[in-house]
Amino acid sequence: MASSQTTSAIRMSSDLASFRKELRQAKHVVALTGAGVSAESGVPTFRGAGGFWRKWQATDLATPQAFNRNPSLVWEFYHYRREVMLTKKPNNGHIAIAKCEKRFLSEGRKFTVITQNIDELHYTAGSKNIIELHGSLFRVRCTKCGHREVDRSSPICEALKDRGEPDVDVPDARIPVDQLPKCRQPDCGGLVRPDVVWFGEMLDEVVLQKATAELDTCDLCLVVGTSSVVYPAAMFAPELASRGVTVAEFNVEETPASGAFKYYFQGPSGETLPSALAP
Ligand code: OAD
């Protein structure tokens with residue numbers, strides 16, 4: 001089970017009974033989640049195998065520069081990810097988190113999910129109090145007027161139908177901009193983009209403020225399936241730990257942040273969370 005790194009600031013514990021006692025006493029839990037929580041639903045994580053689409057890594061395409069250069073290619077990539085997500089279901093980890101929130105609510109306690117994921121699987125699982133730090137695959141934002149809206153259509157536009165195959169040999173579709181997804185605001189019609197945070201972009205200020213407010217008041221934090229290397233999310237849990245808030249990490253492997261946390265539960269979160277969060 002969990003180990004303690006020799007360099008750890010504190011000795012990590014994998015004492016489930018002790019963690020569960022703290023969970024029973026907690027007034028406000030924040031679950032900070034990353035791609036790993038969706039791994040057992042078949043959604044590829046960012047780091048590690050499976051992070052490629054055609055010859056590109058997500059980090060090559062999920063940038064404003066890539067979109068400006070070739071919006072057709074970036075839309076093909078996101079169209080593919082949207083279509084794939086329509087076939088995925090929440091796993092036992094998402095469900096354990098949603099059930100725990102429901103129980104907390106019925107007991108007059110608070111539970112918040114702060115996720116870096118854009119896949120909406122926490123919603124599908126039944127979680128209600130969710131902050132999406134990096135946006136959502138199923139929202140679009142106009143590059144001209146800034147209007148945001150939910151768009152779950154499949155395909156998102158006719159020209160993207162049957163496009164986006166991940167096969168390396170498939171040529172780019174080179175769809176003209178006027179056939180890519182457009183803003184539906186009256187008199188606008190501008191090109192829309194996925195409403196997600198791209199590499200090199202700042203997080204939405206309002207979203208960040210909401211997340212900070214939740215972190216300021218929580219008394220127990222779960223860090224689930226994140227490599228804890230992308231800022232600002234990577235600093236949230238270490239900061240809580242340094243203020244004395246109990247942090248429990250659930251991951252298949254140790255991360256750069258593990259040594260700062262009180263508890264570490266090793267294994268797929270679809271297996272570790274249900275027993276850790278059960279009533
Ligand atoms: P990563 O892909 O960086 O890390 C996934 C983490 O999940 C790793 O620490 C794995 O060990 C762990 N993991 C894998 N399978 C797991 C399982 N079944 N159960 C538990 N843990 C598991 O994903 P994130 O940390 O979410 O940002 O990445 C953070 C951000 O980096 C993403 O939101 C994205 C990316 O750049 C943007 O797109 C802005």
Side-chain angles (χ1 to χ4, degrees), residues 1-3 5 14 31-53 56-67 74 77-78 81-82 85 88-97 113-122 125 130-139 141 193-204 207-208 211 222-238 247-261 263-277:
M1 264 304 264
S3 59
Q5 292 170 310
S14 57
L32 193 58
T33 69
V37 77
S38 297
E40 288 151 87
S41 296
V43 183
T45 56
F46 287 85
R47 290 160 191 84
F52 277 87
W53 177 82
W56 293 280
Q57 276 201 297
T59 43
D60 299 326
L61 296 173
T63 70
Q65 293 80 7
F67 189 71
V74 174
F77 169 62
Y78 277 96
R81 295 183 65 183
R82 285 164 57 98
M85 277 319 302
K88 306 294 182 198
K89 292 191 172 57
N91 64 56
N92 288 339
H94 298 105
I95 293 167
I97 288 173
V113 176
I114 301 180
T115 188
Q116 298 167 83
N117 300 344
I118 58 174
D119 58 28
E120 297 200 352
L121 286 179
H122 284 298
I130 305 172
I131 297 173
E132 292 173 312
L133 284 178
H134 294 163
S136 163
L137 270 178
F138 297 100
R139 286 201 316 257
R141 174 161 33 113
R193 55 166 277 181
D195 190 18
V196 299
V197 177
W198 280 332
F199 293 98
E201 293 185 322
M202 305 289 282
L203 265 63
D204 183 292
V207 172
L208 194 54
L222 318 175
V223 186
V224 186
T226 174
S227 54
S228 295
V229 294
V230 176
Y231 285 80
M235 70 187 183
F236 291 162
V247 180
E249 184 177 40
F250 298 79
N251 202 306
V252 287
E253 59 188 30
E254 285 186 20
T255 66
S258 300
F261 304 145
Y263 296 103
Y264 175 75
F265 299 107
Q266 185 163 31
S269 48
E271 292 172 21
T272 52
L273 283 176
S275 50
L277 304 186

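In what follows, every heavy atom counts, from backbone to side chain, and hydrogens, waters and symmetry copies are set aside. Numbering of ligands and ligand atoms starts at 1, following listing order.
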Inset, instruction - Run the contact test for Phe199 against ligand 1 with a 4.0 Å cut-off on heavy atoms, strictly below, and give the result. - result: yes
Inset, instruction - Report yes if some N/O of Thr255 lies less than 3.5 Å from some N/O of ligand 1; otherwise report no. - result: no
Legend entry - From CG (Leu121) to CD1 (Ile97), nearest 0.5 Å: 11.0 Å
Legend entry - Side chain, backbone, both or neither: the part of Val230 lying under 4.0 Å from ligand 1 by heavy atom: side chain
Inset, instruction - Considering the heavy atoms of Ala35, write down every atom of ligand 1 situated less than 4.0 Å from one of them. - result: 23 (O), 24 (P), 26 (O)
Inset, instruction - Please work out which of Gly93, Ser269, Gly34 has its closest non-hydrogen atom nearest to atom 20 (C) of ligand 1. - result: Ser269
Legend entry - Test item: Ser41 side-chain N/O and Lys89 main-chain N/O as donor-acceptor pair under 3.5 Å: yes
Legend entry - Side chain proximity check, His122 to Val37, heavy atoms < 4.5 angstrom: yes
Legend entry - Side chain, backbone, both or neither: Pro268 near ligand 1, heavy atoms under 4.0 Å: both
Inset, instruction - State whether the side chain of Tyr263 and the backbone N or O of Phe250 hold a donor-acceptor pair below 3.5 Å, judged by distance alone. - result: no
Inset, instruction - Run the numbers for me: atoms of ligand 1, each under 4.0 Å from some heavy atom of Glu253, listed by number. - result: 11 (O)
Legend entry - Backbone or side-chain N or O of His134 under 3.5 Å from ligand 1 N or O: yes
Inset, instruction - Could you tell me the separation between the CG atom of Asn251 and the CD atom of Gln266, rounded to the nearest 0.5 Å? - result: 8.0 Å
Inset, instruction - Heavy-atom contacts with Glu40 under 4.0 Å: which atoms of ligand 1 show up? List them by number with element. - result: 17 (C), 18 (N), 19 (N)
Legend entry - Within 45° cone of Trp53 ring axis and under 6.0 Å: Arg81 NZ or CZ: no
Legend entry - Gly225 N/O to ligand 1 N/O under 3.5 Å: yes
Legend entry - CD1 on Ile118 to CZ on Arg82, rounded to 0.5 Å: 10.5 Å
Inset, instruction - Would you mind telling me if ligand 1 is within reach of the side chain of Gln116, the backbone, both or neither, using heavy atoms under 4.0 Å? - result: both
Legend entry - Main-chain N/O of Ala35 paired with Asn117 side-chain donor or acceptor, under 3.5 Å: yes
